[in-house]
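Just so it is clear: chains get the letters A, B, ... in the order the sequence lines come, proteins before strands, and each one is counted from 1.
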Amino acid sequence: MRTTPTSELEPLLPPGVTDDSISERISGIVVKRKMGLGWIGGFAIAFSLLMMFNYAIAVLFAYGVGIWGIQIPVAWGFAIVNFVWWVGIGHAGTFISAVLYLCHQEWRTSINRFTESMTLFAVACAGIFPLIHLGRPWLFYYLFPYPNTMGLWPQFRSPLIWDMFAVTTYAIVSVVFYFVGLLPDLATLRDRSPHRWQRVIYGLLALGWRGAGRQWSRYKMAYLIMAGLATPLVVSVHSIVSLDFAVGIVPGWHTTIMPFYFVAAALQSGFAMGLILIIPVRHFYHLKDIITGRHLANMAKLLLATSLIVGHGYFTDTFMSWYSADPYDKFIVADKFSGAYAIGGWMLMILDVGVPQLIWIRAVRQSPVALFVIAILANVGLWLDHFILVVQSLHSDYLPSEWRMFYGTKWDWMTLFGSFGLFLTLFFVFIRIFPMVAMSEMRGLVHKKPGETKEQGA
Amino acid sequence: MSDKTKIYGLLAEFAGPDELVRGTEEVSEAGYSRVETYTPFAVEGISEALHFRPFAVAVIFLVAALLSAAAGYFMEYYASVISYPENIGGRPLHSWPSFIPITFEMGVLGGVLGGVLGMLVLNRLPRYSHPVANVERFRAASSDAFFLCVESSDPRFQRELTESVLRQAGATQVTEVPLES
Amino acid sequence: MLRLSPLTSMKALSLPPQVQADGGGPRFWKSLEEWSHSPDFLPYLHQEFPEFVSEWDNGMSRRRFLKLMAASLALAGLTGCSRQPQEKIVPYVRRPEEIIPGKPLYYATSFSHRGYGKGVLVRTEMGRPIKIEGNPDHPASLGATDIFMQASILGLYDPDRSQTIRQGKDISTWNALTQFVGSRIEAHEQDQGAGLFLLMGQTTSPTLVDQFQRLRERLPKSRWCFYEPAAPVRAQSISGNDVEPSYDLSKADIIVSLDADFLFDGPGNLILTKAFAKKRRDPAADFNRLYVIESAPSITGAKADVRWQHKPSEVIAFTQQLAAELLQGVPAASPALGKLADDLRQHRGKSVIIAGDYQPEIVHNLAFQLNQALGNVGATVTYREAPRHPVPTIQLPDFVAELKAGAASTLLIAGVNPIYDLPAALGFPEALAHVANSMHLGLYDDETGSRCQWHVPEAHYLETWGDIIAIDGTPSVIQPVIEPLYPDVASLMEVISLFVDLPPKKGYDLVHDYWLRNLAADSPVAWDQSLNKGVVVEFSSPALPPAPVVGVRDAPSPDPLKASDLEILIRPDSAVDDGRFANNAWLQELPRPLTKLTWDNVAMLSLNTAKSMGVTTGDVIRLEAAGQSVEAPVWVQPGHADGCVSVTLGYGRSQVGEVANGVGFNAALLRSSVGEWSRMLDGAQATGARRELASTQHHFSMEGRDLIQIETLAAYKIDPNKAQEVKPNPEPRENLYPPFEYKNYAWAMSIDLNTCVGCNACVVACQSENNIPVVGKDQVIKGREMHWIRIDRYFEGEPEDPAMHFQPVACMQCEDAPCEVVCPVGATVHTSEGLNDMVYNRCVGTRYCSNNCPYKVRRFNFLEYSDVKHPTLALQKNPDVTVRSRGVMEKCTYCVQRIESARIDAQKEMRPIRDGEIVTACQAACPAEAIVFGNINDPTSRVSRLKALPRNYGLLADLNTHPRTTYLAKITNPPSAA
Amino acid sequence: MAQLFPPSVDLYAKIVILGVGVLLLAGTCSFYLLNRSPYWTNVGVTLDQPVPFSHQHHAGELGIDCRFCHTSVATSSYAGMPDTQTCMTCHSQIWKDAPMLAPVRQSYAENKPIRWNTVNEMPGYVYFNHSIHINKGVGCSSCHGRVDKMPITWKATDMTMGWCLSCHRHPENQLRPLSEVYQMDWTAPTDPHTGQDWVVQRNVQKDHLTDCSACHR
């Protein structure tokens with residue numbers, strides 16, 4: 001993909017933009033533009049990956065989790081790694097739409113729809129793994145608190161139950177948040193669609209939104225409070241996910257730094273994934289003047305900031321294990337950088353902490369291609385990070401007699417790459433049916449008085 | 001008057017958001033109460049112009065969140081202490097620290113669901129058909145048009161007088177809103 | 001509570017109707033999920049997923065698979081809501097009085113191995129034998145069992161057992177066989193049996209001996225040969241009689257093992273272990289010291305206080321030097337030797353020198369002389385005449401030669417497998433080809449059977465009558481505990497009866513008649529008592545008179561082996577023995593005590609030897625000896641003597657069954673004669689190939705973690721509390737949480753690392769008691785073995801010559817169990833008595849409990865491991881323990897089913913459970929009595945008293961899990977300043 | 001036509017929304033009830049048996065003691081199903097030619113067991129022991145109902161885990177004098193203390209009764 005270097009100081013909006021032109025361009029992509037060959041090709045690839053995913057899961061249900069590489073002591077493998085990774089990716093979306101909203105960061109308006117969609121699809125992918133990693137997935141409902149004839153309840157001291165509640169809540173809230181944000185744009189699509197059937201469908205979805213003054217003010221109030229609730233939620237969810245490990249006594253898991261650096265890692269992977277998606281899309285759909293270099297630069301800076309926090313997490317973790325003088329924890333940390341998984345241990349450091357440091361350089365910040373590559377590397381690094389956390393910690397814990405190496409099988413890899421299929425398929429569908437940018441908020445931006453627009457900053 | 005029955009109200013279009021806000025303020029000052037604006041985005045100052053504060057929504061959010069958080073905690077307490085008390089790894093039956101995360105999540109979930117539902121209900125949504133939509137031009141309200149509607153049910157509503165008031169307020173164009181299309 | 005065999009009166013005890021009706025009806029087949037079975041679909045599945053054929057074979061309908069495809073799209077709940085299928089109740093038509101459904105019955109009988117008996121009690125549920133226990137009344141068991149006794153129950157139900165009489169290629173009948181034998185006898189009446197050849201394993205069965213003699217009288221010219229592939233070598237006294245030593249280790253303060261693995265191998269292993277452990281249990285009281293000289297590490301070597309590793313030739317040299325010093329007073333060749341000699345001198349009459357069963361004659365003779373010189377004979381060791389062969393026999397080579405010469409017109413091969421286990425040099429296959437009429441009697445229609453005209457399926461000892469003599473000469477009667485699974489099976493004595501009795505008699509009559517003749521007065525009562533006790537009562541004279549102890553002639557010492565060259569050491573395998581247990585999946589998957597290796601035999605090398613040969617573990621090398629060559633995977637073993645390769649028998653079977661066929665290599669090929677236990681290798685080269693080996697323990701160092709507490713006796717006597725200083729006893733509790741109080745009972749276990757010899761008996765016993773599945777080599781390689789109790793083995797010190805330690809690890813039943821807290825569905829919770837319950841039917845399989853278990857004692861059914869293919873295997877399942885299905889976590893629960901049944905008995909009598917009333921499966925099996933289970937709320941209980949000892953410590957106690965299972969520190973007793 | 005939707009749509013929309021809500025609620029409730037209904041639990045459902053055996057006749061009218069057929073109920077985990085021989089002890093004398101009893105005679109003659117349909121079915125992972133309940137004074141009718149009034153046997157209680165727990169948590173409500181265990185028509189004493197006294201006297205380990213391993217192993 002060829003892209004010209006962009007300036008991170010260019011204005012958030014193209015010159016001479018009007019409400020109508022914004023609405024026309026963005027809704028046009030959905031309601032007027034024909035499916036391009038590029039889209040069809042991309043969708044085809046994504047969908048075939050999805051089918052592979054489906055196949056792998058069918059085989060899994062037929063034979064059991066034994067088709068994966070997991071064993072004793074490493075009873076958790078790819079499934080949990082992928083879960084943590086995907087949930088993390090989701091977080092950036094909520095962060096951008098909620099936290100930046102509360103901080104009045106106007107630049108978020110052109111990308112929050114994007115990242116919110118990303119959140120939904122990432123959570124969808126994540127949600128599958130805890131289910132399929134069960135030994136008896138058909139009994140998943142044992143985890144739900146419902147009045148049964150056995151007189152039994154879930155065991156509420158288990159972080160896995162907290163996790164189930166957190167992820168479910170997170171998924172539902174994200175959907176609601178997404179829909180509410182979408183409501184006015186659905187109305188726009190209703191009114192701008194050329195074909196009646198489109199208008200009917202969007203009309204039904206828009207619930208008859210008319211943009212009445214009182215509606216708007218209640219809407220704004222609700223949106224503000226939801227943002228206020230989503231902010232602690234996004235922190236809590238990955239904190240709880242981190243408790244899946246921190247509550248355990250496994251050396252390498254049992255540390256208080258976990259929630260802090262888990263959240264940071266989550267955001268980092270999310271910003272990275274955001275860049276991975278936005279950069280090609282703004283290129284292929286010619287949205288460079290709406291999603292500007294300034295947006296990319298801001299995302300990149302967030303990526304850089306979080307990568308520094310993660311780095312600090314690694315440092316603290318290592319330091320504490322030395323300082324605590326807990327022999328088991330010390331062994332695990334030493335093994336992480338010198339043991340059988342040392343390559344992973346070093347690679348993840350380089351990829352998710354080292355590489356993002358390039359963003360300090362302006363030229364890199366302004367090169368979409370460079371950012372694209374950095375983002376991909378960072379996400380690989382973060383996947384490795386979770387892999388090392390789960391596998392390397394488990395493979396040599398307290399009793400040396402039960403130390404064993406873990407090797408992923410082809411089914412492990414199929415489920416990993418298959419989940420990309422699900423994610424991309426959903427994403428390709430999204431760019432066909434929903435506006436990629438929040439039009440109503442953009443219009444708001446159009447009518448800002450000059451000077452009222454704050455200087456950008458992350 | 002007889003014309004009250006025929007039409008829903010008068011729909012005035014304004015050049016832009018600022019004009020609309022100014023116009024709305026004037027119309028309100030003129031004593032009209034059954035007034036509503038229609039805009040493609042949330043124009044700042046409209047609620048003030050309409051003398052409207054969305055207090056109820058906030059209350060609903062708060063109440064829903066507190067209730068479901070309490071429900072969540074009680075569920076955990078009931079299951080672990082009352083229904084089937086079990087010795088889990090020597091932990092106390094009422095291990096309240098372990099019950100906090102779910103309590104919080106339940107609070108957020110309940111709050112958001114309740115609040116958004118409340119917002120929709122207060123906004124009378126879904127409502128698929130509305131008289132103002134009988135005006136062909138109204139379709140632009142979701143893209144780039146800024147409308148102010150004075151409803152005929154307003155006690156001060158008088159077809160001609162109201163129209164003149166609207167025009168003085170800066171409306172670029174005033175059309176009748178028929179009750180049926 | 002012991003019963004006479006239900007077959008005493010020859011009244012047929014039929015299998016429970018459930019079993020007849022639907023091959024292990026629902027009451028027995030306790031599986032968590034109902035799976036739909038559809039054979040026609042399996043082939044499709046398997047060509048689809050060949051890699052799982054071995055692992056997953058529980059049947060799945062096409063409908064189900066498509067359902068899964070759909071389900072995996074929607075991720076819908078699968079078989080969540082399906083009602084149970086209608087079950088049937090199938091009562092007896094006529095219920096045998098002694099059978100009460102749901103109540104186990106115990107029968108006493110004897111397990112015979114290499115011609116000697118060990119008493120067992122067989123637990124039967126509704127006519128199905130399901131578990132073997134030791135017989136406390138039997139002198140060779142004293143209530144303990146070894147791995148072979150435990151695993152023999154699986155042999156009974158082995159689906160690969162031969163089931164029908166075969167003539168040529170066709171299935172035949174008992175009548176046809178009778179006629180055939182009849183015709184043969186007629187033929188041999190003419191030549192006085194000159195053409196009748198009999199080849200069989202050694203036996204001490206009085207009834208059989210009697211039958212043999214009668215047959216010999218009838219056909220005096222008949223030719224007999226008895227052999228065991230793993231027969232022990234014996235000393236020869238001047239009188240020319242074999243003499244057999246028997247040791248009393250309870251009197252021995254110094255034990256010297258000349259490559260004798262007496263704690264594991266041989267007919268006396270259980271009593272020897274018991275006696276050995278007795279002198280190890282209490283450091284305060286007298287404490288023995290064990291010297292071991294051996295080539296390949298054994299569990300006896302692992303228990304040694306002083307251990308020297310020498311290659312076979314040097315073991316002989318060592319013995320000669322020791323003898324030279326002690327007998328002729330030649331100064332010690334080495335200081336180490338000198339120390340040993342001094343130690344022995346200081347303990348005259350209280351020491352014992354034990355020559356290994358597989359050492360050459362000279363070592364035995366020297367041991368004989370040394371024991372005499374040290375005044376041990378009569379004190380710690382007595383010699384008796386070994387049981388003589390019942391009839392004049394001829395040596396194996398001559399026997400085979402005569403066969404080749406065509407001298408045999410009829411050949412009966414019983415209970416041995418010459419085609420497989422005879423040295424190729426003898427050329428037995430060719431010899432067999434010369435025989436016109438060959439008969440084979442065996443449990444399997446194996447390598448030998450398939451080459452004989454007639455094959456007769458042999459009856460398993462649990463379904464037949466017989467008798468056998470224990471190592472100390474005590475005879476006991478073998479009584480059947482179940483009607484033969486297959487109608488055609490016959491015991492050896494029933495086959496011999498075809499030759500000598502007209503009409504042929506059944507086993508019961510043969511044994512019964514013999515003993516009525518030979519028992520003391522009032523024999524019918526004595527007979528009943530004998531069956532009841534498991535040993536023949538009121539039996540007048542000991543079977544084996546003490547041998548005259550006189551000077552012995554020096555046996556010719558074998559031509560000295562050149563120290564430079566590579567020697568090979570051949571031993572029976574420590575799990576499948578000489579191959580007779582090869583098809584026993586429990587034993588195949590049993591981690592060998594020191595290698596932790598399963599499903600293979602290997603060429604074991606020392607680190608140095610491996611280095612010099614440029615090979616490492618897993619490399620396949622070609623071994624050449626006796627004109628044969630085998631390809632064997634290398635196993636580099638710490639503690640192995642340099643300059644020799646050690647291999648084990650029992651592998652490389654080709655025709656025995658699904659389990660053993662094609663597993664490992666046949667080491668017997670490398671022998672030039674039966675009874676050759678070490679020789680020079682003609683060659684050993686790396687082939688460049690590699691073989692993956694399935695070991696269950698990959699890391700052998702304790703990493704400086706205080707997992708096994710070790711002290712020297714001297715240090716212990718100075719400060720007995722060291723163990724507790726290093727690892728405080730779980731009490732007093734330092735805990736954030738208010739302690740739960742355990743009102744009635746508080747179950748706990750104590751494991752004495754001092755007496756545990758790592759013999760694996762507990763592992764098999766647990767597998768048998770708790771329906772633990774076998775997973776196969778591939779799964780073991782992946783790390784998914786299922787044993788609830790495992791024996792961790794650690795090395796300490798120099799890898800060339802390390803100290804070795806065993807530590808049995810099962811669920812510790814932690815009071816503050818980390819596993820319970822993290823289970824989201826409460827599938828593992830604590831009971832009011834401190835058990836860490838595992839509720840299989842609640843488990844959804846998140847596996848977090850396993851991750852969070854610091855002892856890693858939880859096992860997970862990653863695939864459908866429980867065998868549902870073979871109905872006979874279902875019969876072995878313990879009906880009191882749920883059979884776990886795929887996706888379920890499982891673990892040790894202190895044999896909760898035994899606790900509950902004891903509780904119910906006690907509750908019915910309105911009394912508390914007595915101390916020692918509950919005996920866990922591992923505890924019952926343990927010959928060293930290293931495992932003690934009981935109630936720590938009762939300060940007088942045995943376990944409480946053990947936990948009060950200063951040696952008591954908790955594993956990883958610093959994690960504050962408060963394990964209910966604690967260990968007693970290991971005390972070693974090296975000579976002072978050694 | 002400016003309006004995209006006619007006014008009627010609003011009505012429909014409200015109906016649909018309401019309907020969905022109602023359906024969800026109804027679905028949940030009916031599933032809840034279904035799990036406790038005879039369709040699921042088989043309570044009161046009669047199965048056709050090879051022989052239409054009537055407890056009403058044998059236990060009720062003839063007053064044959066439970067233990068005459070269910071011999072091991074007091075000694076073993078299984079109550080014990082009578083073998084054909086037991087039936088024949090009487091029916092070789094009376095009703096010896098009744099066509100109804102043909103399967104019994106056939107079974108006896110051909111030595112083939114009768115295959116009854118299980119009425120009270122326990123999952124494989126539940127380890128219920130009759131003897132301990134009998135010995136602690138839990139009556140037959142407490143679980144099996146008035147079999148002496150059952151012309152053909154049916155399941156009297158739903159035997160769900162919740163049902164088991166209801167008694168395991170409060171055994172005092174179900175205990176009887178040991179002499180009354182086999183009485184069909186026994187009614188609990190009005191004074192709750194008697195039950196509690198029995199719990200103490202018979203040394204019932206109440207806290208163990210709710211341990212998982214009391215029933216699941």
Side-chain angles (χ1 to χ4, degrees), chain A residues 54-76 128 130-143 150 152-155 157-161 163-164 244 247-250 253 327-328 331 394 396-405, chain C residues 33 45 49 52 55-56 60 65 68-69 71-73 75 77-80 697-705 707 779 782-784 790 792-794 809 818 821-826 842-848 850-852 854-856 858-864 886-889 956 959:
Chain A
N54 177 29
Y55 177 67
I57 293 179
V59 175
L60 174 74
F61 285 172
Y63 291 100
V65 290
I67 67 172
W68 293 338
I70 48 177
Q71 23 86 336
I72 309 293
V74 186
W76 282 357
I128 289 173
L131 175 55
I132 66 172
H133 107 288
L134 291 181
R136 303 198 292 169
W138 55 91
L139 294 180
F140 69 98
Y141 59 87
Y142 278 5
L143 274 78
M150 301 177 284
L152 289 176
W153 296 91
Q155 202 278 96
R157 294 171 192 79
S158 166
L160 296 183
I161 280 286
D163 193 327
M164 192 205 60
D244 289 349
V247 164
I249 62 168
V250 179
W253 287 9
Y328 311 110
F331 178 88
L394 283 173
S396 59
D397 64 349
Y398 290 98
L399 294 189
S401 61
E402 283 291 290
W403 290 359
R404 245 194 210 105
M405 289 295 291
Chain C
E33 294 296 331
L45 259 187
F49 315 101
F52 303 130
E55 302 165 2
W56 184 87
M60 157 179 290
F65 189 74
L68 286 167
M69 283 296 274
S72 54
L73 259 183
L75 287 168
L78 306 177
T79 62
Q697 186 177 343
H698 302 263
H699 202 85
F700 298 150
S701 150
M702 273 186 274
E703 292 294 329
R705 303 178 180 184
L707 308 175
Q779 293 295 300
K782 282 205 170 79
R784 300 169 178 175
R790 64 172 195 268
D792 287 350
R793 183 279 335 269
Y794 295 107
V809 180
V821 183
V822 297
C823 177
V825 294
R842 178 69 173 170
C843 176
V844 296
T846 66
R847 307 185 295 285
Y848 197 169
S850 169
N851 291 345
N852 216 33
Y855 311 98
K856 290 287 173 282
R858 290 175 160 268
R859 301 302 185 199
F860 188 69
N861 292 272
F862 287 92
L863 298 164
E864 187 67 36
R886 174 249 276 202
V888 172
M889 190 62 72
L956 298 174
L959 296 178

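Taking every heavy atom of both residues into account, C:Cys843 and A:Leu139 meet most closely at O-CD1, 4.3 Å.
There is no contact between C:Phe700 and chain A, counting heavy-atom distances below 4.5 Å. When heavy atoms are compared at a cutoff of 4.5 Å, A:Trp253 approaches chain C solely by way of its side chain, counted from C-beta outward. Proximity to chain A is limited to the side chain of C:Pro818, based on heavy atoms less than 4.5 angstrom apart. Using a 4.5 Å cut-off between heavy atoms, A:Met164 does not touch chain C at all.
Using a 4.5 Å heavy-atom threshold, the side chains of A:Tyr63 and C:Leu863 count as touching. In this structure, the side chains of A:Arg136 and C:Val888 come closer than 4.5 Å at one or more pairs of heavy atoms.
The backbone N or O of A:Gly66 sits nowhere less than 3.5 Å from a side-chain atom of C:Arg886 that would complete a donor-acceptor pair. Side-chain N or O atoms of C:Arg842 include none that pairs as donor or acceptor with a backbone N or O of A:Leu152 at under 3.5 Å.
Options A:Leu399, A:Leu394, A:Ile161, A:Leu143 differ in how many heavy-atom pairs under 4.5 Å they form with chain C, and the most are formed by A:Leu399. Interface check for chain C: of the options A:Ile72, A:Leu60, A:Val247, A:Val250, the most heavy-atom pairs under 4.5 Å are formed by A:Ile72. Looking only at heavy-atom pairs under 4.5 Å with chain C, the residue among A:Asp163, A:Ile70, A:Val74 that has the most is A:Ile70.
Summarising the geometry, atom CZ belonging to A:Arg404 is positioned 12.5 Å from atom NZ belonging to C:Lys782; distances are rounded to the nearest 0.5 Å. Interatomic distance, CG of A:Asp244 versus OG1 of C:Thr846, reported as 10.0 Å (0.5 Å rounding).
Geometrically, C:Arg705 does not engage A:Tyr398 in a cation-pi contact defined by less than 6.0 Å to the ring centre and at most 45° from the axis.
Aromatic rings from A:Trp76 and C:Tyr848 are positioned such that their centres are separated by under 6.0 Å.
Results of the side chain to side chain contact (heavy atoms under 4.5 Å, CB included) test with A:Trp403 over C:Lys856, C:His699, C:Gln697 single out C:His699 as the only residue that passes.
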